[in-house]
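Quick notes on the structure that follows.
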Amino acid sequence: MVNFNFYPVDINQKVVDNKAFLYLYGRTDKGEQICLVEKDFQPYFWVLPKENPDELKAKLEKLQTDEFKVVKVETEKKKHLEVEHEFLKVFTDLPKSVPKVRNEIKYWDLVKDCFEYDILFTRRYLIDKNIIPFNLYNIEAEKTVEKGKVECFEVKEIKTTDSDSNFEPDIIAFDIETYNPTALIDPKENAILMIALYGKDYKKIITWKKNDHEDAEIVDSEAELIEKFKKIVADKKPDILCGYFSDEFDFPYIKARADKYRIKLDLGLDYSELKTGRGASTSCTIAGICHLDVYRFIRSVLRTAIKGGSFSLDSVSKELLGAQKEDVDVNNLATDWDNDTNLEMYAQYNLQDSKLTYDLAVKLFPNMNELVKMIGLTLSDTHRMGLSQLVEWFLLKQAPDFNEIAPNRPKRDTITERRSQTYTGGFVFEPTPGIYFNVVIFDFRSLYPTIVASHNISVGTLNCDCCEDAEPTPGLENIRFCKRKKGFIPSVMEDLIERRMRVKEIIKQKGESPFLYARQMSLKLLANSFYGYLGFFGARYYSFDCAQAITAYSRHHIKKVIEDANKENFKVIYSDTDSIFLELDKKTKDEAIKFVDKQNQDLPGLMELEYEGFYPAALFVPTKASGAGAKKRYALLDDKGKINIKGFETVRRNTSIIAKETQEKVLKILLSGEGDDKALNYAKNIIKELDDHTIPKEKVIIKTQLSKELGAYESVGPHVAIAEKMHKKGIPVGPGMVISYVVCKGKGVIRDKAKLPEECSDEDYDSEYYINNQVIPVVERILEIFGHKKEELLDKGSQDKLSKFF
DNA sequence: GCAGTACGGGG
DNA sequence: GTGTACGTACTGC
């Protein structure tokens, strides 16, 4: 018997001799990578009997076929949605028998329902044993022999430790560059030219042509490059191997090339091969090593925190690291590779991408670590989860502490039904379009979470039997919540809010650290996701009435603030859900702050109104339809002179550069007080330049991606028409390729007028199209505020030509 | 207005 | 594998 301290990192399961074993990989506190084998955990699920539990128990105990077997049945008192019942805990021989047994018995007369039959075996184990990845455990184990790259121990006991020591994972980032003679990405045809790896005190670029980069290692062929990559991963033994978009690009690409050379990509610590997901949205996994796709985490969890709108490595790095990619046009790589030119430059570009990925992983690790600790699943699982999934697994993790059995995931028809139901959202006070000066913003801190906690909103407290005469939810006569007993969801919510308040208190006293910041952010993120979760059609704990009650309470509270503000002669100009914009008019900033303090004395429980800030100017635009102020579309000038644009046309790839530039410039002119005439003239001038064709065609190119084979399209969009033209000219086209085109003069629908950029000159583009469909739409509603009509945007010279469009 | 399709990230 | 995205915006008809 041996005893040591251990940080779990990853978990796997395997069936050996018709028994399911669990393999917990990780690192000892001495830094050795090892594997623990658990042989005594049995798969199970829950059955709720209809009336006669003993009869059902006896029948289940005898259930056995060639395919599956029930090995044990236990009776246990558990709660389901806060109501106690007698449940049967049904153990099966193997994990895969669980769904089989469930399918066999679900229509039995004695069975009312089955629960928790779709929780993956490895996740079930982590939750039940309360094993939290990256926490330190004391292990009693016995040395055993298993096929693998690391030492193996059979677990006898796993004990929690008091240690607050933080696990510091070894992280390696990687990135590939591929041969790209066409715009088409094709792993069947095109080789991997370089792989860069970057870690703490480690950097290397592997390539198979002469390269003068000081960190380059030259091998003889692409096949050797892949072997070398394998060897480095095996030698460096990282806990985390990360890439950027590597779930859907780097790893599938490497796998495809390895298959071509019949190289086994046995990166797993048990020599198992890299598992690539098929199609979009699936993950690539390596046994024993956490494959972290930094892009997935950013997209799924940090999406609201990224202001730039794009999740590209370059823009995310700029925003989070203040660093950027090398300024290299990777489109020339194939040509340069063929000519043996600039290869050192590409090696540096490759290395820089892996460095940025590494730096992002290190920077975001505290956040991911906090989520892992709250959710209690591996980083590999956690970092790919969306907010609803995080809430769901958080609840699944908490449920045993409340003796709760979780509801099932909804079936297709339930989802359809849920999707069709709608209810009123937050309160919106529509702004009158215009420009305002000296604006103050208030907002409720964590509005929905504090409502859930303060008003006891939970599936099990909804319309309880014990408080029938309690006051109903404002505006919802038939919805009220228990006043006597705190519900499951409000309990965990209150815990989240209070934990966050404690962390913030520590930050106040001891100063901020990345770790404390990450902890409070993660708590906030999770708490804020509950409301969306309760109203999400795919949720186990879906509750239409709870979701609806939350917004009803929010409307009630914000309307009260607006009323009070108006009474005190603040001018409310806009309000949406949890925020209120006021024009100070004759009032002062101090008076606004005092108003907030007074409001807080009246608010219940954990609810709180905050003074968000002061803005010298704010601009609201009208909607197309009503002419009233559009919600969530405004631009602010802050007291540092910076312009914040909210909710305006997000610029996608298929918008021309000229449209984006014009909109930004017009807003800047208006907010900085240079006057609407100047803004109008600016826009007019752009329109004139488009009409005169003095704007170069580069600024009017529209780019759209081809998603399938040419023959597979039922409807032919402009980019498909162009792709067909390219195909006829002998240019290879296929799925994934970005088609650039310019809408040119001519007759018919847009696809008839689209041309390849190189086939037209600055003179050929259709000014009318760009003026009417690209530039005017983005500026007209802004200028409308000042009474300027579309027609004013047009110079006399072009008036005739364009008048027919209005 | 509906249905079908593309977007994202990567080279 | 006790699994198979997702929410939004545009175009064509």
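Values below: all heavy atoms of this structure, side chains included; hydrogens, waters and symmetry mates excluded. Convention: sequence-line order gives letters A, B, ...; per-chain numbering from 1.
- Of the candidate nucleotides C:dG3, C:dT2, B:dG11, C:dG3 has the atom lying nearest to any side-chain atom of A:Arg409.
- Closest-nucleotide positions on DNA chain B for A:Asn331 and A:Arg303 were compared, and the one nearer the 5' end corresponds to A:Arg303.
- In this structure C:dA9 sits in a base pair with B:dT5, meeting the Watson-Crick or G-U test at under 3.5 Å.
- Across the protein-nucleic acid pair, A:Phe311 atom CZ and C:dT8 atom C1' stand 13 Å apart, rounded to whole Å.
- Using a 4.0 Å heavy-atom distance criterion, A:Tyr346 is classed as making no nucleic acid contact.
- Between the CZ atom of A:Phe536 and the P atom of C:dC6 there is a distance of 6 Å, rounded to whole Å.
- In this structure, the CD atom of A:Glu248 is 9 Å from the C1' atom of B:dG8, given to the nearest Å.
- The side chain of A:Leu120 sits closest to C:dG1 out of B:dG11, C:dG1, C:dG3.
- Across all strands shown, A:Pro95 has heavy atoms under 4.0 Å from base atoms, whether or not it also approaches the sugar-phosphate.
- Taking the centre of each ring, A:Phe174 and A:Phe251 come in below the 6.0 Å mark.
- Within the 4.0 angstrom heavy-atom criterion, base atoms lie near A:Thr182.
- Set against B:dG11, B:dG9, C:dT2, the side chain of A:Ile185 has B:dG11 as its closest nucleotide.
- Checking A:Tyr23 against A:Asp270 by side-chain atom types alone, no donor-acceptor pair falls below 3.5 Å.
- Atoms OH (A:Tyr244) and C1' (B:dG9) sit 7 Å apart, rounded to a whole Å.
- One interatomic measurement links the two molecules: CZ of A:Arg419 to P of C:dT8, which rounds to 10 Å at whole-angstrom precision.
- Listed nucleotides: B:dG11, C:dG12, C:dG3. Nearest to the side chain of A:Val330: B:dG11.
- For A:Arg299, whose side chain is taken as the heavy atoms from C-beta onward, the closest listed nucleotide among C:dA5, C:dT2, B:dG11 is C:dA5.
- Atom-to-atom, CG of A:Asp10 to P of C:dG1 comes out at 18 Å; the value is rounded to the nearest Å.
- Across all strands shown, A:Arg751 has heavy atoms under 4.0 Å from sugar-phosphate atoms exclusively, and none from any base.
- Closest to the side chain of A:Ile119, out of C:dT2, B:dG10, C:dG7, is C:dT2.
- The A:Asp175 side chain lies nearest to B:dG11 when the options are C:dT2, B:dG11, C:dT11.
- One interatomic measurement links the two molecules: CH2 of A:Trp337 to P of B:dG11, which rounds to 15 Å at whole-angstrom precision.
- Distance noted for atom C1' between C:dA5 and B:dG8: 12 Å (whole Å).
- In this structure, the nucleotide among C:dG7, C:dT11, B:dG9 sitting nearest to the side chain of A:Ser312 is B:dG9.
- C:dT4 is unpaired under the criterion used here, namely a Watson-Crick or G-U wobble arrangement in which both key atom distances are under 3.5 Å.
- The side chain of A:Ser310 contributes an N or O atom lying less than 4.0 Å from OP1 or OP2 of B:dG9.
- For the P atoms, the distance from B:dG9 to C:dA9 is 15 Å, rounded to whole Å.
- A donor-acceptor contact closer than 3.5 angstrom links the side chains of A:Asp175 and A:Asn350.
- Among the nucleotides C:dG1, C:dG12, B:dG8, the one closest to any side-chain atom of A:Lys275 is C:dG1.
- A:Glu392 places its CD atom 15 Å from the C1' atom of C:dA5, with the value rounded to the nearest Å.
- We find that A:Lys747 and A:Asp752 are not joined by a salt bridge, their nearest charged nitrogen and carboxylate oxygen being 4.0 Å or further apart.
- Between A:Asp340 and A:Lys209 there is a salt bridge, with a side-chain nitrogen of the basic residue lying less than 4.0 Å from a carboxylate oxygen of the acidic one.
- Note on A:Lys325: a side-chain N or O is less than 4.0 Å away from OP1 or OP2 of B:dG11.
- Using a 4.0 Å heavy-atom criterion, one finds that A:Asp353 contacts the sugar-phosphate atoms exclusively.
- Checking B:dG10, C:dT2, C:dG12 against the side-chain heavy atoms of A:Gln13 singles out C:dT2 as nearest.
- Taking the six-membered ring where the residue is Trp, A:Tyr125 and A:Phe41 present perpendicular rings, their angle passing 60° and hence far from 30°.
- Side-chain contact, A:Ser246 with A:His291: a donor N or O sits under 3.5 Å from an acceptor N or O.
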